[in-house]
Asks: 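Here's a structure for you.
All values below were derived from every heavy atom in this structure, side-chain atoms included, with hydrogens, water molecules and symmetry-related copies excluded. Since the model is a prediction, treat every value here as computed from it, not as a measurement.
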2 protein chains.
Amino acid sequence: MTQEEKDIYLKFGLAGSMVLFGFDGEDLKVLIHQKKDEPFKGAYLLPGRYIKTDEAIDPVIKELMHHHTGAEYAYMEQLKAFPKVFRNPEGRIINISYYALVKIDEEMLQKTEKRKGIWVNYDEIPDLAYDHNEIVEYAKERLKRRVKRRPIGFFLLPKLFTIGELQKLYEKSLNKELDKRNFRKKIFKSELIIPTEHTKPGPRKDSVLYKFDEDKYEKLTLKGYDFLF
Amino acid sequence: MTQEEKDIYLKFGLAGSMVLFGFDGEDLKVLIHQKKDEPFKGAYLLPGRYIKTDEAIDPVIKELMHHHTGAEYAYMEQLKAFPKVFRNPEGRIINISYYALVKIDEEMLQKTEKRKGIWVNYDEIPDLAYDHNEIVEYAKERLKRRVKRRPIGFFLLPKLFTIGELQKLYEKSLNKELDKRNFRKKIFKSELIIPTEHTKPGPRKDSVLYKFDEDKYEKLTLKGYDFLF
DNA sequence: CCAAAAGTGTTCGGAATACACCCATGA
DNA sequence: TCATGGGTGTATTCCGAACACTTTTGG
């Protein structure tokens with residue numbers, strides 16, 4: 001590239017955004033917040049920021065997640081690039097979006113609140129700035145497919161969880177109701193979860209807490225397992 | 001953004017690349033060519049080019065495809081962004097990659113030859129410049145998944161095709177052998193293909209030519225059909 | 001004693017898989 | 001006449017889907 005060409009071509013900006021899905025045992029949620037500066041001050045939008053030319057984007061997204069939630073690790077994957085010409089009034093900014101999965105617990109709730117984060121319900125996403133609604137839609141589609149074929153639902157649950165919680169999670173992300181008996185049959189057949197000694201006090205009857213068999217999970221993901229809900 | 005910030009942030013380049021899969025009735029292939037200028041002159045790489053800040057990328061990719069193959073339409077989808085910091089010595093260039101599916105006929109072979117394109121076998125991709133091997137790997141994974149669930153194989157076949165060709169295509173892209181009888185059963189059950197009056201002279205026995213039921217395809221894609229090989 | 005969630009088996013139909021031989025024809 | 005690819009049917013197994021009652025316990 002000549003200097004002239006560089007002047008023409010090296011004029012893009014790069015932003016990274018994150019669709020953070022969280023599950024609290026009851027509902028599937030997405031983290032958004034309100035923009036603090038112009039343009040679009042006050043508008044809702046996804047967590048994200050501009051990237052510098054010497055920065056890798058993956059660590060930025062991890063850092064974003066840590067900053068907003070306090071979580072160290074999570075399932076995380078790039079969605080795709082959103083490269084429309086007029087998506088951002090500041091210039092031609094390419095957005096590369098990721099999605100991540102976390103379990104929402106008390107600690108995280110406090111953290112996100114401190115950071116002015118807002119957990120909105122999976123199917124009640126408000127109007128967002130830029131093309132962020134489009135990004136969320138794309139992320140939801142991806143999540144639905146992934147949940148069907150890989151046991152990534154486990155990333156959204158605490159270490160110990162009940163079958164009821166697991167089923168609710170699947171129902172929310174697939175957006176349909178599942179039969180309790182068939183659900184149990186399928187989950188147990190996969191042998192991905194192990195019952196523990198512990199129980200969770202329910203409003204009436206207690207329920208058994210399960211944990212996730214990580215070894216088995218590793219093996220299954222390696223050979224491209226199909227979970228198939 | 002202040003001017004100062006723009007100087008820091010708006011320094012990225014954007015390139016679009018395309019993994020073009022083609023099927024000639026026998027083998028599944030990928031189009032590559034050789035770089036004509038420095039850096040990496042002579043190296044193999046994917047079709048692609050730099051994007052200007054006022055250009056949308058989708059049309060550029062379509063234009064690329066048309067330029068290299070002469071084809072007007074094809075199945076086409078963004079893969080994802082490849083945003084590594086040091087992938088390109090010219091600067092921080094973000095690559096957004098697409099893949100597309102075409103049928104290779106005589107006419108296209110002439111066109112690609114004229115454009116110095118090289119059709120290499122699906123499982124014999126040579127070393128490519130930049131991170132293009134990584135892009136091709138990603139595209140192959142995507143193609144495998146898509147072929148399993150959507151009848152996109154039809155984009156890779158001529159208007160009239162034999163069951164044998166269709167089966168070969170599936171075998172190549174899934175990289176496994178399929179049982180002839182079971183394959184036919186499944187394909188016919190889907191009712192996506194219609195027999196025609198025509199036959200194709202085989203080396204021995206002639207074989208019936210089929211065409212693709214486009215109306216049925218439309219309906220099935222609308223309601224999120226699962227083909228499932 | 002009742003409301004609410006936990007837990008538990010069976011039946012049926014459809015699909016996937018495995019498997020072997022005849023046919024037509026050009027060489 | 002034989003080598004090559006086209007074409008065809010059945011039996012078994014497995015999985016998904018539909019479906020209803022009992023158990024526990026706090027209020």
Asks: For A:Tyr75, which of A:Phe23, A:Phe154, A:Phe155 qualifies under ring pair (Phe, Tyr, Trp, His ring centres under 6.0 Å)?
Replies: A:Phe155

Asks: Contact list please: residues 172-179 of chain B against DNA chain C, heavy atoms, distance less than 4.0 Å, in numerical order.
Replies: B:Asp179

Asks: Run the salt-bridge test on A:Glu134 and A:Lys84 with the 4.0 Å N-O cut-off and return the result as yes or no.
Replies: yes

Asks: Salt bridge (charged side-chain N to carboxylate O under 4.0 Å, His left out) for A:Lys172 and A:Asp27? Distances and angles first, verdict last.
Replies: CA-CA 7 Å; A:Lys172 295 283 174 179; A:Asp27 285 307; 3.0 Å; yes

Asks: Distance alone, cut at 3.5 Å: any donor-acceptor contact between the side chains of A:Tyr98 and A:Glu77?
Replies: no

Asks: Please set out all donor-acceptor pairs under 3.5 angstrom arising from side-chain atoms of residues 114-122 of chain A, sequence neighbours excluded.
Replies:
unit_1	atom_1	unit_2	atom_2	d
A:Arg115	NE	A:His67	O	3.0
A:Trp119	NE1	A:Thr112	OG1	3.2
A:Asn121	OD1	A:Lys29	NZ	3.3

Asks: Does either side chain, that of B:Tyr217 or that of B:Arg150, offer a donor lying less than 3.5 Å from an acceptor on the other one?
Replies: no

Asks: With a 4.0 Å cut-off on N to O distance, would you call A:Lys62 and A:Glu72 a salt bridge?
Replies: no

Asks: Could you tell me whether the phosphate oxygens of C:dC19, OP1 or OP2, come under 4.0 Å of any side-chain nitrogen or oxygen in B:Arg181?
Replies: no

Asks: Evaluate the criterion ring-ring contact (aromatic ring centres under 6.0 Å, His included) for residue pair B:Phe40 and B:Tyr130; output intermediate values, then yes/no.
Replies: CA-CA 9 Å; B:Phe40 305 143; B:Tyr130 307 110; 5.1 Å; yes

Asks: Would you list the protein and nucleotides 13-16 of chain D atom pairs, both N or O, that sit under 3.5 Å from each other?
Replies:
unit_1	atom_1	unit_2	atom_2	d
D:dG16	OP1	A:Lys186	NZ	3.2

Asks: If a pair satisfies ring-ring contact (aromatic ring centres under 6.0 Å, His included) and one of its residues is in residues 162-185 of chain A, list it, with sequence neighbours excluded.
Replies: A:Tyr170-A:Phe183, A:Tyr170-A:Phe229, A:Phe183-A:Phe229

Asks: Polar pairs (N or O, both sides) under 3.5 Å between protein and nucleotides 25-27 of chain C?
Replies:
unit_1	atom_1	unit_2	atom_2	d
C:dG26	N3	B:Arg204	NH1	3.0

Asks: Taking A:Lys168 first and then A:Glu26, would you say they form a salt bridge - that is, a charged N and a carboxylate O separated by under 4.0 Å?
Replies: yes

Asks: Note down the inter-axis angle between the two ends of the helix from C:dC1-D:dG27 to C:dA27-D:dT1, five pairs each, to the nearest 10°.
Replies: 0°

